[in-house]
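What follows is one structure encoded as structure tokens, with my remarks underneath.
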Amino acid sequence: MIDWLRRAGLRGRDEPAPAPPRFVAVGDRALPLVVRRLRNARRLTLRLAPDGSEIRVSMPAWCRLSDAEDFAASRAGWIARALAALPASAPVEPGGTLRYRGEHLAIDWHPAHPRRPALHETAIRVGGPSEAIGARLQRWLEKEALRLFAEDIAFYCQRARREPPRLAMSRAQRRWGSCASDGTIRLNWRLVMAPDAVRRSVVAHEVAHLAHFDHSPAFHAALGDLFEGDLRSADRWLKREGRGLYQPFG
């Protein structure tokens with residue numbers, strides 16, 4: 001009886017209906033608008049998703065949703081310019097390329113190749129159904145990322161004379177890494193596509209947070225001691241090329 005009432009819609013009168021999707025017109029496109037209320041926010045802020053798939057507005061708790069919509073619409077010109085500046089990102093498919101550790105590997109697909117991807121000189125060989133190639137290559141990249149992150153964390157923790165913390169993978173679209181209050185380090189799997197020095201700079205950054213949970217002069221001094229490369233160069237690369245790591249995998 002209860003199931004029948006649920007199907008008939010008689011039980012959900014007091015339950016709020018899901019909010020309809022919101023879109024913002026940008027040129028000839030309609031981009032989804034994702035709104036977040038932040039308790040400590042003092043003003044509205046707008047970001048474009050790294051892959052250009054949606055607009056994200058954060059706003060104070062007291063704002064109305066219509067304020068977020070008006071705010072995004074008023075910045076349609078900036079959004080259009082940001083979209084135009086996005087790097088070309090070809091889908092992962094047979095005959096295309098795959099980013100890996102700063103290189104562009106040719107995707108060598110053939111039905112006779114093993115399903116499990118494998119490096120072969122400047123290419124990555126993969127078999128199986130062509131329509132699922134993106135998912136297989138993403139899983140391969142994620143495993144490679146986990147392996148490299150574990151090695152990086154062990155290296156920098158040894159330098160910092162600390163026990164390696166728990167490592168977690170992240171699929172965030174705004175942050176490359178984070179260090180939680182319990183010491184857990186989360187790293188964005190897409191960093192495996194960046195050059196080694198860039199990936200390692202992010203890992204070193206999060207390991208430095210194990211000792212300094214801020215961005216104080218002491219933190220930056222510790223990071224400078226940990227990381228063996230050029231931090232400014234790595235930061236510039238991420239700001240310039242980071243969006244290009246959001247290659248669609250199907």
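Being a predicted model, the structure only gives us computed values, none of them experimental.
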When rounded to the nearest 0.5 Å, the distance separating CZ of R199 from CG of L238 is 12.0 Å
Rounded to the nearest 0.5 Å, the CD atom of E93 sits from the CH2 atom of W109 at a distance of 12.0 Å
Output for pair (L231 CG, L223 CG), nearest 0.5 Å, gives 4.5 Å
Just by modelled atom types, is the D230 backbone N or O under 3.5 Å from a matching donor or acceptor in the S233 side chain?
-> no
Counting distance only, does the side-chain N/O of R186 pair as donor-acceptor with the main-chain N or O of S170 below 3.5 Å?
no
message: For R232 and D235: C-alpha separation, side-chain torsions, deciding distance, then whether salt bridge (Lys or Arg N to Asp or Glu O under 4.0 Å) applies.
response: CA-CA 5 Å; R232 290 185 178 180; D235 289 343; over 6 Å; no
Between A194 and W237 the two heavy atoms that sit nearest each other are CB-CZ3, 3.7 Å
Might you work through the side-chain contact (heavy atoms from CB on, under 4.5 Å) test for E69 and V24, ending with a clear yes or no? CA-CA 7 Å; E69 293 175 322; V24 176; 6.0 Å; no
message = Is any side-chain heavy atom of I79 closer than 4.5 Å to one of L46?
response = yes
Inset, instruction - Flag the pair M59 / L65 as yes when at least one side-chain heavy-atom distance between them is below 4.5 Å, and no otherwise. - result: yes
Margin query: Quick check: is L38 connected to L44 through a chain of hydrophobic side chains (ILVMFWY, heavy atoms under 4.5 Å apart)?
Written below: no
- Sidechain-backbone polar pair: D67 side chain, R64 backbone, donor-acceptor under 3.5 Å: yes
_Side-chain (H209) to main-chain (H212) donor-acceptor, under 3.5 angstrom_ = yes
### Message
Taking atom CZ as the centre, does R147 end up with more than 12 heavy-atom neighbours from other residues, nucleotides or ligands that are less than 6.0 angstrom away?
### Response
yes
Between P60 and A41 the two heavy atoms that sit nearest each other are CB-O, 3.4 Å
**Message:** So for atom CD, which belongs to E103, do other residues, nucleotides or ligands contribute more than 12 heavy atoms lying within a distance under 6.0 Å?
**Reply:** no
For this session: Would you please classify the geometry between the H113 ring and the H110 ring as parallel, tilted or perpendicular, with 30° and 60° separating the classes?
Result: tilted
Separation between CG (L98) and NE2 (H104), nearest 0.5 Å, reads 9.0 Å
task = Evaluate the side-chain proximity of D108 to I124: yes if any heavy-atom separation is below 4.5 Å, no if none is.
result = no
message: Is there a path of hydrophobic side-chain contacts, each under 4.5 Å between heavy atoms of I/L/V/M/F/W/Y residues, joining L137 to Y100?
response: yes
Q) Strictly under 6.0 Å, is that where the ring centroids of W140 and F249 end up? A) no
*asked:* Taking V202 as the starting point, is it possible to reach F213 by hopping between hydrophobic residues whose side chains are less than 4.5 Å apart?
replied: no
Nearest heavy-atom contact between A208 and F219 is CB-CE1, 3.5 Å
With sequence neighbours left out, the residues meeting ring-ring contact (aromatic ring centres under 6.0 Å, His included) with F155 are none
Next on the checklist: Run V207 and R162 through side-chain contact (heavy atoms from CB on, under 4.5 Å) and show every step you take.
Outcome noted: CA-CA 9 Å; V207 170; R162 288 183 170 270; 5.7 Å; no
Shared ILVMFWY cluster between M169 and V198, side chains joined below 4.5 angstrom? yes
ask   = Just wondering, do E54 and L33 contact through their side chains at under 4.5 Å, heavy atoms?
value = no
Are any non-hydrogen side-chain atoms of E144 and M193 less than 4.5 angstrom apart?
no
>> Given 3.5 Å as the limit, does a donor-acceptor pair link the side chain of R243 with the main chain of A49, or not?
In response: yes
**Report entry** Within 6.0 Å of CZ in R116, more than 12 heavy atoms from elsewhere
**Finding:** no
> With distance as the sole criterion, is a donor-acceptor pair present between the side chains of E151 and Y156 under 3.5 Å?
Replying inline: no
Tightest non-hydrogen contact, residues S74 and F71, listed as OG-O, 2.7 Å
Value for OH (Y246) from CZ (R99), rounded to nearest 0.5 Å, stands at 12.5 Å
(Q) Does R56, at its CZ atom, have more than 12 non-hydrogen atoms belonging to other residues, nucleotides or ligands within less than 6.0 Å? (A) yes
With a 3.5 Å distance limit and no angle check, can you tell me whether N188 reaches the backbone of L191 through a side-chain donor-acceptor pair? no
Would you call the rings of H215 and H205 parallel, tilted or perpendicular, where under 30° means parallel and over 60° means perpendicular? tilted
| query | Would a distance-only check, ignoring hydrogens and angles, find a side-chain to backbone donor-acceptor pair under 3.5 Å from R125 to A118? | reply | no
*asked:* Please evaluate residues L48 and L31 with respect to the criterion side-chain contact (heavy atoms from CB on, under 4.5 Å), reporting the C-alpha separation (whole Å), side-chain torsions for both, the decisive distance (0.1 Å), and the verdict.
replied: CA-CA 10 Å; L48 181 67; L31 289 179; 4.3 Å; yes
### Task
Start with the C-alpha gap between F149 and V203, add the side-chain angles, then the distance that decides, and say whether side-chain contact (heavy atoms from CB on, under 4.5 Å) holds.
CA-CA 7 Å; F149 290 153; V203 179; 4.1 Å; yes
So CG of L148 and CG of L141: to nearest 0.5 Å the spacing works out to 10.5 Å
Q. Taking the side chain as C-beta and beyond, is there a heavy-atom pair between I55 and V34 under 4.5 Å?
A. no
Open item on the list: Measuring only between side-chain heavy atoms, which start at C-beta, is R36 closer than 4.5 Å to V57?
Closed with: no
Within-4.5 Å side-chain heavy-atom neighbours: T184 and L167: no
Is R37 reaching over with its side chain to a backbone N or O of C63, donor-acceptor style, under 3.5 angstrom?
yes
Between S201 and A234, the two heavy atoms sitting closest are OG-CB, 3.4 Å
Scanning both residues in full, the closest heavy-atom pair of C157 with L210 reads SG-CD1, 4.2 Å
